[in-house]
Structure formats: C-alpha cells, structure tokens
Amino acid sequence: MHLRVNEFNLQHTLESGQFFRYYLKDGFYYVISGNNFFKIRQQGKNLEFLGTKRKFVQQFLGLNHDFETVKKQFSKDKYLNTAMKQYSGLRIMKQNQWETLISFICSSASNIPKITKNVNLLAENFGKKINFENETAFAMPMIGEMNDLAKIKNCKVGFRAKYLFEANRIPTDFFDIIKNLNYTDAVSQLTTLNGVGEKIADCVLLFGCNRLEAFPVDVWIKRVVQELYFDNKETNNKEIKKFGQEKFGKNAGYANQYLYHWRRNQ
DNA sequence: CGTCAGGTAGCCA
DNA sequence: TGGCTACCTGAC
C-alpha cells in the first residue's frame, strides 16, 4: 500500500527518540505498535507499507497534522527556522498511550539504547507474540499484564521496576479520562503515578495523546532554551516550560522536538 | 574505580 | 517553593 506525503521524513520521525520499537531490515523499517507489526519505507514523497491499515499509518506518523501552519509559525523564529530545515519532516507521532507511558517511565536517567532494550525485554516477557512475513516480534504488554515485580526486575529496568508494577494497575479507561481533561488537569492526572513527573507526563501527552501543546523539559531542552532565549542565564524547568508554551502555543511540542534535536546533534 | 545519563521521590529548610 | 540526594544499570 502507498501514501503520498508532503513535509514528511520517515527516518527523522521514527529515529527521533519518541518511539523505540522498530528495526531496519532490507531497506524497510519494521515497526511494532499495539497489535500492529508492519514494515514501511519512504521513497521521496511516496510512503510504502505492508501489514497495517492506511488510516493507522496516517495517525501514527502524525501525517494528519497541519504541518504547513507549524512551518509558517516557526519560520519567524530564526533558531527554529534553522532547526526545522535540518530535521525537515520530523513529525510528532501518535503512539499507543499506555506503551508511551511504559516507555517513558523507563526513560528517566537513561538513554535511548537502554530504553530500547528495556521495552523490548518487557515485551518479550509479558507481551503477545506476533508474526509478520517471516519475522517474529512481541507486542508490548497491555494494562494489567505486567503483574509480576520480580519478572519486571529481570527486564533490567532497575529502580523503575516498582513504578512499572504500580502503573500496571491503572484502570483500563485511564486514558479515556485523560483525553477529556484540559492540558493542566491531564498533567496532574498523569503525575499522580509514581515515577511520572512533569517531564514524563509531557512526553506521554505529546507522543501518545496528540497534545501538541505539551513541552517536555529535559536537560537538553533546558540547555538549548537557556542558550538561545535566556542569554545563557540559569533558569528553572518550570520557567523554561512556561516560556516554551507561551512562545510556541498550540504547537509547542513541535518546537520542542526541533530544538531538542538541533542542540543534541550540535 | 568514579562519573554520568531523555528524572523523580522524599526529605529538609 | 527550592535545594539537595539516592536510585538500577550500563557505558565510558
């Protein structure tokens, strides 16, 4: 199956650290999300995929976002304008919410290779086996399926094990409730979970819930925002976030991603 | 060996 | 509120 795309780059999107469950083989990305196990590649404006539905791909990869508006809005800012050119086509994904929560609970004081290892181990230990072509993968466990603390610890998640174990007890409609809350209340709701602070809550809202106004502040965002917009003045995370959301508004999350990658790869 | 990494909770002023 | 520090694990 095919999709025509504009202002989209599959590699920049999948490899941006929003999402951890993909691998490259024979020129295709093999992707696991929910019960979907599919392959996909991009050739110019053509997106070719097999194993899932067109509608899923469109939503999952943020292809339904109004990117022209984002581009127009950000081109007025000289830093964002540069960052956006360098990482052109990077979209905010709309992943499975619960899987996003698990992934970003694993992310605290960690790094991408380790987070990837952790989520893959969780899937192998608790998830359902899925086959596609001659490939085998494991889906992430669903809510309630990680009911074994010792086994979670075997997934090398360290001090995050108890957080995952507790998160596993959220009601199955947890994210339906989140969906109907305004941004501030959604953050509050997420941060009631142990191991989920402001930053992880923002990542879940941004990458899993399509809340593009979220502005996760990690060490890199703090660094880049201070350097570019605060004349290198030491500024706390709360102020950084307030600045990001007021300056970039409903697309703050997009600004966040571009600035993040720009600074990290400097 | 020590330090540090996509943070957060707990404790104390 | 603001400023510590410990926390699993793995990579320098």
Side-chain angles (χ1 to χ4, degrees), chain A residues 12-22 83 87 90-93 95 97 99-125 146 148-170 184 186-209 211 214-228 230 233-245 252-266:
Chain A
H12 287 168
T13 301
L14 282 181
E15 297 188 7
S16 61
Q18 304 175 52
F19 177 66
F20 306 95
R21 308 217 61 214
Y22 65 88
Y87 298 99
L90 194 172
R91 299 273 183 138
I92 306 283
M93 297 171 67
Q95 304 173 47
Q97 299 156 326
E99 294 180 11
T100 312
L101 175 62
I102 296 177
S103 303
F104 283 90
I105 285 177
C106 290
S107 78
S108 69
S110 189
N111 52 66
I112 291 175
K114 185 156 183 278
I115 300 164
T116 305
K117 176 185 171 179
N118 290 155
V119 294
N120 285 335
L121 279 171
L122 287 168
E124 284 165 30
N125 275 276
M146 295 192 297
D148 185 333
L149 185 57
K151 216 165 144 187
I152 295 174
K153 285 181 176 165
N154 285 340
C155 299
K156 305 293 174 193
V157 293
F159 63 82
R160 307 159 195 87
K162 58 180 181 291
Y163 302 148
L164 293 166
F165 184 67
E166 288 172 25
N168 184 59
R169 294 187 178 139
I170 59 172
T184 310
V187 171
S188 303
Q189 188 63 38
L190 280 162
T191 52
T192 60
L193 302 173
N194 246 320
V196 179
E198 190 88 9
K199 190 270 179 183
I200 291 178
D202 263 342
C203 286
V204 174
L205 289 172
L206 186 58
F207 306 135
C209 304
R211 295 290 186 104
F215 195 84
V217 180
D218 60 24
V219 289
W220 294 96
I221 284 293
K222 178 178 161 71
R223 213 167 275 165
V224 69
V225 170
Q226 280 178 181
E227 287 167 2
L228 300 182
F230 283 79
K233 184 170 159 282
E234 172 61 31
T235 309
N236 68 36
N237 287 10
K238 197 177 170 186
E239 286 297 318
I240 301 270
K241 173 165 168 167
K242 183 164 173 270
F243 169 83
Q245 293 192 308
Y254 265 107
N256 185 291
Q257 281 299 283
Y258 284 112
L259 291 173
Y260 174 84
H261 289 284
W262 187 55
R263 183 60 182 80
R264 278 212 74 157
N265 297 15
Q266 246 179 6

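In what follows, chains carry the letters A, B, and so on, assigned in the order in which the sequence lines appear, proteins first and then strands, with residues in each chain numbered from 1. Predicted model, so just to flag it, every value in this text is computed and none were measured. Below, each value reflects all heavy atoms present in this structure, side chains not excepted, and no hydrogens, waters or symmetry copies.
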Go through the steps to decide whether Lys241(A) and Gln245(A) satisfy the test side chain to side chain donor-acceptor pair (under 3.5 Å), and finish with yes or no. CA-CA 6 Å; Lys241(A) 173 165 168 167; Gln245(A) 293 192 308; 4.7 Å; no
Residue met sooner reading DNA chain B from 5', once Phe20(A) and Thr191(A) are mapped to nucleotides: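 Its nucleotide being nearer the 5' end, the pick is Phe20(A).
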Assuming nearest nucleotide by heavy-atom distance, tell me which of Ser107(A) and Leu193(A) is located more 5' along DNA chain B.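 Taking each residue's closest nucleotide, the earlier one in sequence belongs to Ser107(A).
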Who pairs with [X] by side-chain contact (heavy atoms from CB on, under 4.5 Å), at least two apart in sequence or on another chain?
X         : value
Ala83(A)  : Tyr258(A), Trp262(A)
Asn120(A) : Arg21(A), Thr116(A), Glu124(A)
Asn236(A) : Lys238(A), Glu239(A)
Lys117(A) : Leu121(A), Lys156(A)

What's the verdict on salt bridge (charged side-chain N to carboxylate O under 4.0 Å, His left out) for Arg211(A) and Asp202(A), showing C-alpha distance, side-chain angles and the deciding distance? CA-CA 9 Å; Arg211(A) 295 290 186 104; Asp202(A) 263 342; over 6 Å; no
Do Lys162(A) and Asn194(A) make a side-chain contact, defined as non-hydrogen atoms from C-beta onward lying under 4.5 Å apart?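 The answer is no, as the side chains (C-beta and beyond) never meet within the 4.5 Å cut-off.
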Boundaries of the chain A footprint along DNA chain C (any atom under 4.0 Å from a heavy atom):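 Nucleotide range with atoms under 4.0 Å of chain A: dG2(C) to dG10(C).
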Are side-chain N/O atoms of Tyr87(A) and Asn265(A) paired as donor and acceptor at under 3.5 Å?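 Present: a donor and an acceptor within the cut-off.
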Using a heavy-atom cut-off of under 4.0 Å over every strand shown, decide if [X] touches base, sugar-phosphate, or nothing.
X         : answer
Gly17(A)  : base
Arg264(A) : sugar-phosphate
Ile112(A) : base
Ser16(A)  : base
Ile152(A) : nothing
Phe104(A) : nothing

Ion pair check, Glu234(A) and Lys222(A), cut-off under 4.0 Å: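 Judged by the 4.0 Å cut-off on N to carboxylate O distance, Glu234(A) and Lys222(A) do form a salt bridge.
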Looking at residues at least two apart in the chain, or sitting in another chain, which of them share a side-chain hydrogen bond (donor to acceptor under 3.5 Å, both in side chains) with Asp148(A)?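 If we apply the side-chain hydrogen bond (donor to acceptor under 3.5 Å, both in side chains) test to Asp148(A), skipping adjacent residues, there are no hits.
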Could you list the residues that satisfy side-chain hydrogen bond (donor to acceptor under 3.5 Å, both in side chains) with Thr235(A), not counting sequence neighbours?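 Thr235(A): no side-chain hydrogen bond (donor to acceptor under 3.5 Å, both in side chains) contacts found.
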Under 3.5 Å, which donor-acceptor pairs do the side chains of residues 100-107 of chain A form with other protein atoms, sequence neighbours left out?
unit_1: Thr100(A); atom_1: OG1; unit_2: Asn96(A); atom_2: O; d: 2.6
unit_1: Ser103(A); atom_1: OG; unit_2: Glu99(A); atom_2: O; d: 2.7
unit_1: Ser107(A); atom_1: OG; unit_2: Phe104(A); atom_2: O; d: 2.7

Intra- and interstrand pairs of DNA chain C - dot-bracket, Watson-Crick/G-U under 3.5 Å, | marks other strand: |||||||.||||
How far does the C1' atom of dG6(B) sit from the matching atom of dG2(C), given to the nearest Å?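 Straight-line distance between the two C1' atoms is 23 Å.
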Please state the P separation for the pair dC8(C) and dC11(B) - nearest whole angstrom.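 Nearest-Å result for dC8(C) against dC11(B) at atom P: 15 Å.
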Tyr22(A): what forms a ring pair (Phe, Tyr, Trp, His ring centres under 6.0 Å) with it, not counting sequence neighbours?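 Residues passing ring pair (Phe, Tyr, Trp, His ring centres under 6.0 Å) with Tyr22(A): Tyr29(A).
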Could you list by number each residue of residues 114-124 of chain A showing a heavy-atom separation from DNA chain B of less than 4.0 Å, or answer none if no residue does?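 Ile115(A), in order of number.
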Where chain A begins and ends its contact with DNA chain B, read 5' to 3' at 4.0 Å from heavy atoms: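 Going 5' to 3' along DNA chain B, contacts run dA5(B) to dA9(B).
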Under the side-chain contact (heavy atoms from CB on, under 4.5 Å) criterion, do Gln257(A) and Arg91(A) qualify, and how do the steps go? CA-CA 9 Å; Gln257(A) 281 299 283; Arg91(A) 299 273 183 138; over 6 Å; no
